[in-house]
Amino acid sequence: MRYVKLFITNAAVALLGLLVVAPLLWMVAAAFMPRGTAQTYPPPLWPAEPTLDNFRELFSRLHLGRYLFNSLAISLSITGFGLLLNAMAGYAFAKLRFTGREQVFRTLLAALVMPLQVGMLPLFLMLKQLGLINTYWAVIIPSMATIYGIFMVRQYALAIPDSLLDAARLDGASEWRLFFTIVLPLLRPVLATLGIFTFLSAWNDFMWPLIVLTGSENYTLPVALAILSTEHVQDAELMMAGSLITILPVLGLFILLQRQLIGGIMVGGVKG
Amino acid sequence: MTTIAQSSSTSGAVTPNQPSSVHTRRYEGPPSGWWFAGPAVAIIAVFFLAPIAASILLSLTDFDIYALADWRNLRFVGLQNYIQLLHSERFWIALHNTLYFVAIGGPLSVAASLGAALLLESKLTRLKVVWRTVFFAPVVTTLVAVAIVWRYLYHTKYGLFNLALTKLGFEPIDWLGDPHWAMPAVIFLAVWKNFGYNMIIFMAGLQSIPSELYEAAEVDGAGPARRFWHVTLPMLGPTFLFVGVTTIIGFFQLFAEPYVMTQGGPGESTYSLVMLMYEQGFRWWRLGFASAVAMTIFTLTLAATLMQVWLQRRAGA
């Protein structure tokens with residue numbers, strides 16, 4: 001009886017796992033199929049004659065390298081700025097005293113549930129006035145600090161002992177030195193989690209880059225892919241190669257750093 | 001969200017603002033923590049909070065392509081955009097589709113998350129870490145890219161879904177071409193893409209249930225089903241609230257899936273509120289009217305969140 005249960009449970013998990021990876025596996029397989037062979041009957045599950053032609057065409061004729069560069073530049077900038085600004089603010093809300101601290105923090109928490117789309121139209125007009133539409137900055141600036149990021153760092157920074165900070169202050173360290181030499185190293189675990197989160201959401205973002213990056217020379221990978229897919233509906237193999245290139249960096253990052261990411265969600269979801 | 005508010009207030013109580021040791025009493029604190037909090041707070045205030053407030057004002061104007069060229073063409077029109085919205089057939093279609101997506105997709109996604117979490121937390125399951133990675137993988141993937149993949153998987157003739165259906169002896173389905181099946185197709189993709197995230201949160205919730213509760217229930221003769229209903233579900237209450245609220249907020253923002261897979265079709269059957277806002281605002285430059293749509297999305301999200309909190313309170317009382 002125990003073995004029957006054991007078998008059923010594990011078979012269920014394996015079946016579910018297969019259903020979950022099947023779309024991704026097919027994407028990988030189709031990306032290496034020669035043009036026009038994925039959409040034949042019966043649909044092939046594996047490339048009979050694997051080829052790199054799809055990737056060659058993406059990078060030569062369809063400028064995917066350019067979009068890859070845009071995506072990397074934008075996502076890395078957002079991650080860099082985001083880590084610095086959210087770390088500074090999260091530390092301040094946890095450990096420094098300043099006028100209006102509690103009120104501001106409560107306002108931020110209340111705004112946590114606001115959907116991003118609500119402010120998109122005025123934000124577009126604002127960035128247009130600043131002359132930033134169709135520049136990287138239009139995507140980077142609004143994402144440089146997030147309420148969630150500040151909150152994550154604050155929760156972690158609360159555990160830093162005040163005595164440690166005060167001892168450094170008595171030794172004559174300036175507040176900035178204190179932050180960069182003592183606080184930042186202590187925050188490393190939460191910054192690792194926040195960094196992955198920030199990079200993933202910047203890389204995967206679609207709607208806002210679609211709105212503000214109006215010229216094709218500035219498209220990020222998801223925007224370019226969505227537009228290419230309307231022009232190349234018949235080219236399944238080409239589109240699967242493009243999807244694979246878009247997904248590969250984030251999937252790779254996840255597999256390398258999954259402990260930080262999943263651990264971060266577990267803590268964030270339960271403790272708040 | 002209440003879990004967040006609670007934990008922040010309790011942690012505030014644990015670490016009082018006053019310096020703790022005698023030595024530090026002389027220390028007056030840094031000139032101002034605003035040097036540290038300022039940049040991030042300013043970015044959020046200017047590029048996130050102010051636009052939301054401005055959205056309310058914008059929805060009361062006739063901001064259109066002429067105002068975009070010259071701000072002097074801007075006029076205050078009161079609630080006219082909202083009245084026009086109520087008379088627009090597309091709005092009701094988009095509202096209906098979005099509510100369909102939220103009301104079916106949301107619970108389905110939460111149920112899948114809970115099911116997967118229970119499977120992974122079962123004592124019988126082997127290779128847990130591997131499966132956890134596999135189930136979570138879709139969450140980190142790029143929505144646009146997987147929507148394109150799924151568009152081909154849904155192909156009537158060459159798609160793997162219909163291959164599986166016909167192998168199992170069912171009739172093939174015209175997933176993205178039949179107005180009745182297009183929204184379910186979008187929902188399946190959304191569930192596949194999202195369930196891993198809430199699964200992790202449910203796993204954390206399950207791990208925090210004390211095992212004595214299960215042992216006590218077993219001593220009282222409760223079978224697996226009754227232990228689930230009377231121990232697991234009630235103990236997961238706060239987790240359900242968190243998962244429910246975040247899922248609803250996320251599902252109301254339906255945009256990329258139909259944009260890539262169906263362009264809102266067939267016959268507007270997957271046309272969503274965010275698509276309406278995008279099209280009116282950024283394709284036809286009717287920013288005043290589109291802001292009224294944005295405010296509708298905001299109000300709906302808020303209402304759904306409050307309802308969720310209220311239901312949870314009532315169930316808890």
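Only this structure's heavy atoms are used, side chains among them; waters, hydrogens and symmetry mates stay out. Residue numbers start from 1 in every chain, and the chains themselves are labelled A, B, ... in the order their sequence lines are given, proteins ahead of strands.
Counting heavy atoms from C-beta on, the side chains of A:M207 and B:V274 come closer than 4.5 Å. Counting only heavy atoms from C-beta outward, the side chains of A:T246 and B:V144 never approach each other to under 4.5 Å.
Among all heavy-atom pairs drawn from A:P142 and B:F47, the shortest one is CA-CB, 4.0 Å. Summarising the geometry of A:T230 relative to B:Q263, their closest heavy-atom pair is CG2-NE2, 4.3 Å, with the distance given to 0.1 Å. When all heavy atoms of B:W150 and A:P23 are compared, the pair lying nearest together is NE1-CB, 3.6 Å. The two atoms that bring B:Q253 and A:P115 nearest to each other are NE2-CB, 3.2 Å, heavy atoms only.
Remark: side-chain polar atoms of B:Y152 are not paired, donor with acceptor, to backbone N or O of A:M27 under 3.5 angstrom. Although no hydrogens or angles enter the test, the distance criterion places no donor-acceptor pair under 3.5 Å between the side chain of B:R132 and the main chain of A:I262. In this structure a side-chain-to-backbone donor-acceptor pair under 3.5 Å is present from B:S55 to A:V118. B:W131 places no side-chain N or O within donor-acceptor distance of the main-chain N or O of A:G17, the cut-off being under 3.5 Å. Here the side chain of A:N10 pairs a donor or acceptor atom with the backbone of B:R126 at under 3.5 angstrom.
No part of B:F252 comes within reach of chain A, as not one of its non-hydrogen atoms sits under 4.5 angstrom from that chain. The contact between A:Q258 and chain B is made entirely by side chain atoms (from C-beta outward), counting heavy-atom distances below 4.5 Å. No part of B:V293 comes within reach of chain A, as not one of its non-hydrogen atoms sits under 4.5 angstrom from that chain.
Expressed to the nearest 0.5 Å, how far OG of B:S122 lies from CG of A:L6 amounts to 8.5 Å.
Considering B:F289, B:F282, B:Y278 as possible partners of A:L121, the one that fulfils the side chain to side chain contact (heavy atoms under 4.5 Å, CB included) test is B:F282.
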